[in-house]
Amino acid sequence: MSRILITSALPYINGIKHLGNLVGSQLPADLYARYCRARGHEVLFLCATDEHGTPAELAAAKADMPVDAYCSQMHRTQARLAAGFGLSFDHFGRSSSPQNHRLTQYFAGRLAENGYISEVSEKMVYSPADGRFLPDRYIEGTCPNCGYDRARGDQCENCTKQLDPTDLLEPRSAISGATDLEVRETKHLFLRQSALKDDIDSWIDSKADWPVLTTSIAKKWLHDGDGLQDRGITRDLDWGIPVKKGDESWPGMEGKVFYVWFDAPIEYIACAAEWAEAQGKDEEDWWRWWRTDAGAEDVRYVQFMGKDNVPFHTLTFPSTLIGSRDPWKLVDYIKSFNYLNYDGGQFSTSQGRGIFQDDALEILPADYWRWWLLSNAPESSDSEFTWEKFQTGVNKDLADVLGNFVSRVTKFCRSKFGEEVPEGGEITEDGRRLIGELNTRLATYVGHMDAIEVRKAAAELRAIWVAGNEFLQTAAPWTSFKTDPERAAADIRLALNLIRVYAVLSAPFIPGAAATLLEAMCTDDTGWPSDMEAALAVLEAGHGFSVPDTLFAKIGDEDREGWEVRFAGGRG
RNA sequence: GGGCCUGUAGCUCAAUUGGUUAGAGCAGAGCGCUCAUAACGCUUUGGUUGGGGGUUCAAGUCCCUCCGGGCCUACCA
């Protein structure tokens, strides 16, 4: 048994997330967390909402709410939806927590003490009408290159030319439309990543087992052009963590806050502190997960995220931790994902395009979504959701292969032997063959799960389900029952036990159905099988069970067509 | 412009990192079974691995080139 720290990328607070967000971080993280717990490891699985920054302010303004109240409300909504999808966080925290305020200010102070913070004066665009400095992308104007009149201050979407906000002709605020923009001088703190480049570089080089997607993005930023650049970590905003040097004020930085990408990863640590407090534990209880001088040297830390988050997790956050010169635990493995597209285009929160978490749970149980999304996770490249693929995938895998297996075994037993595990006979030759195959497949499944190869693990689990149907077909207890009932009893005893084993092996993917199966088999034995013959003898002759209701109802063509129409347009 | 990823059966993906005859699922065809959610099992059709060139005893895999798709490029997160 070992100790495994798992974090999922933090969902941003400005609305309900879509399925693309879910499959890229929280869902695979939950799969791995559930698997690790099932294998008997000690797991701390953390996630939180990422609440600071301009988009949160704008979303709150749109909802006509104070930003802190908006964030509290949206946090509760996201927590409810996460629970609905069965995400088994040990704690679902908030980047706006007091713990994160303290830690973020602490890290800034340590980095300053160690010479990794510089102060830089910049000229930024200020909008008197909005009463705020405007980020580049919130300034619109006419592109000097192509004449497009809705070019953004960072880039023209029409001709893709990269711009400086001062390049724009007739610039205006994208928030209010105000045109009385001025350029003002403002001072900001920069994290001196350039001074930590060699540390980061050799650390990345030591991670030969990481996915190419992860290391290639990191190396690109490390080596491209002039190498790793310093990064601004403060902003002229109201909503955020006030800039402080530990407990002390920071002269010249009054009224400024830390940039979200500085405080958000620190919330991974602060979230452990929130967890400890919520559990009535002490500082040492979470330090043993995060401080290598307090027990975390034997922790394996795994992060899950979409590819857009990789630079911050491979460069900025490690720079923060290393630059503190404290013994904080660094990540051991980063699992990154590509994007899930929706029916020929991207999921989009801002355009309301695709399927959102609340809608998804309204039309189908979480297991349907979990299974399809995980078994089609965008690991090697972007993947695509279509209703037709979703329908056939779910119907074949869950209803036909797994659900129908459970149904045929339990109903056959009930009609021939009654609702208890039948006695008599010895394991048959067909049974021996099944046990042999399952031992092989279990080893493959475990290998893929350990390596966090999500799609391959799902394919192997499906093959394990198929093996049950093959066994029934060859053993044909409905035939042997007529001439050799003891043989039929032995085969059905094995098949009933197989249902329990399926529940245990499948639980990380489909926890709801797994719980239903265990309940139907009247057992709470969730022991991970090490030897299949032993695992398939847990339910002994005479053990009662019940025939469960249809495990997975099929998605009909009418359902699919209705959803296709309903989710075709944006939802505003 | 620069960089990274990607292109394999009608569709979605594998292929132990250069090693026998490129494999699965879905879809299609045929057969079998009748316990079961019209479910299950078996067999089977289907490939010049995007095009071209090169290295090698051997290339889906390495190199060059062309074509297509995606992502990133530092103030959206």
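FYI, side chains are in, hydrogens and waters are out, and symmetry mates aren't considered; it's all heavy atoms of this structure. Quick note on labels: first sequence line is chain A, next is B, and so on, each numbered from 1.
For the pair A:Arg231 (side chain) and A:Leu191 (backbone), a donor-acceptor distance under 3.5 Å is absent. With hydrogens and angles ignored, the 3.5 Å screen pairs no side-chain donor or acceptor of A:Glu470 with any backbone N or O of A:Leu434.
Of the two residues near RNA chain B, A:Arg455 and A:Thr474, the one whose nearest nucleotide lies more 5' is A:Arg455. Where A:Leu222 and A:Asn309 meet RNA chain B, the nucleotide closest to each residue was compared, and A:Leu222 sits on the side nearer the 5' end.
Across the protein-nucleic acid pair, A:Asp308 atom CG and B:C5 atom C1' stand 15 Å apart, rounded to whole Å. The nearest whole Å value for the distance from the CH2 atom in A:Trp387 to the P atom in B:C26 is 22 Å. In this structure, A:Glu453 places its CD atom 12 Å from C1' of B:U16, rounding to the nearest Å. The nearest whole Å value for the distance from the CZ atom in A:Phe390 to the P atom in B:A27 is 16 Å. Taking atom CD on A:Glu460 and atom P on B:A14, their separation rounds to 15 Å, with Å as the unit. For the pair A:Tyr339 OH and B:A77 P, the computed distance is 14 Å after rounding to whole Å. Remark: P of B:U12 and CG of A:Asp397 are 17 Å apart, rounded to the nearest angstrom. Taking atom CZ on A:Phe133 and atom P on B:C76, their separation rounds to 17 Å, with Å as the unit.
A:Lys307 pairs by the salt bridge (charged side-chain N to carboxylate O under 4.0 Å, His left out) definition with A:Asp382, not counting sequence neighbours.
In this pair, A:His75 and A:Phe92 present their aromatic rings parallel. The plane angle is below 30°, not in the 30 to 60° band.
B:G51 and B:C4 have their C1' atoms separated by 23 Å, given to the nearest Å. For the P atoms, the distance linking B:G3 with B:C66 amounts to 13 Å, nearest Å. Atom name P, nucleotides B:G1 and B:A14: the rounded distance is 29 Å, in whole Å. Nucleotides B:G2 and B:G54, compared at atom C1', are 27 Å apart to the nearest Å. With C1' as the reference atom, B:G32 and B:G70 are 45 Å apart, rounded to whole Å. B:U20 and B:A59: their C1' atoms are spaced 15 Å apart (whole Å).
Between the side chains of A:Ser173 and A:Asp130, at least one donor-acceptor pair of N or O atoms lies under 3.5 Å. Side-chain contact annotation: A:Glu388 with A:Thr386, donor-acceptor N/O pair under 3.5 Å absent.
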- Base, backbone or nothing for each nucleotide of nucleotides 34-40 of chain B, written B, S, -, heavy atoms under 4.0 angstrom, 5' to 3'? SBBB-SB
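Of the candidate nucleotides B:G70, B:A77, B:U12, B:U12 has the atom lying nearest to any side-chain atom of A:Asn376. Nearest to the side chain of A:Arg235, among B:A14, B:C13, B:C75, sits B:C75. Picking from B:A14, B:A77, B:U12 the nucleotide with the shortest atom distance to the side chain of A:Asp50 gives B:A77.
Base contact: A:Glu122 has a heavy atom under 4.0 Å from a base atom.
Taking the six-membered ring for Trp, A:Phe133 and A:His188 have ring centres at least 6.0 Å apart.
The side-chain tip of A:Lys389 does not point at the ring of A:Phe385 from less than 6.0 angstrom away and within 45° of straight on.
Regarding the sugar-base torsion, B:U17 falls in the syn class, its angle being within 90° of 0.
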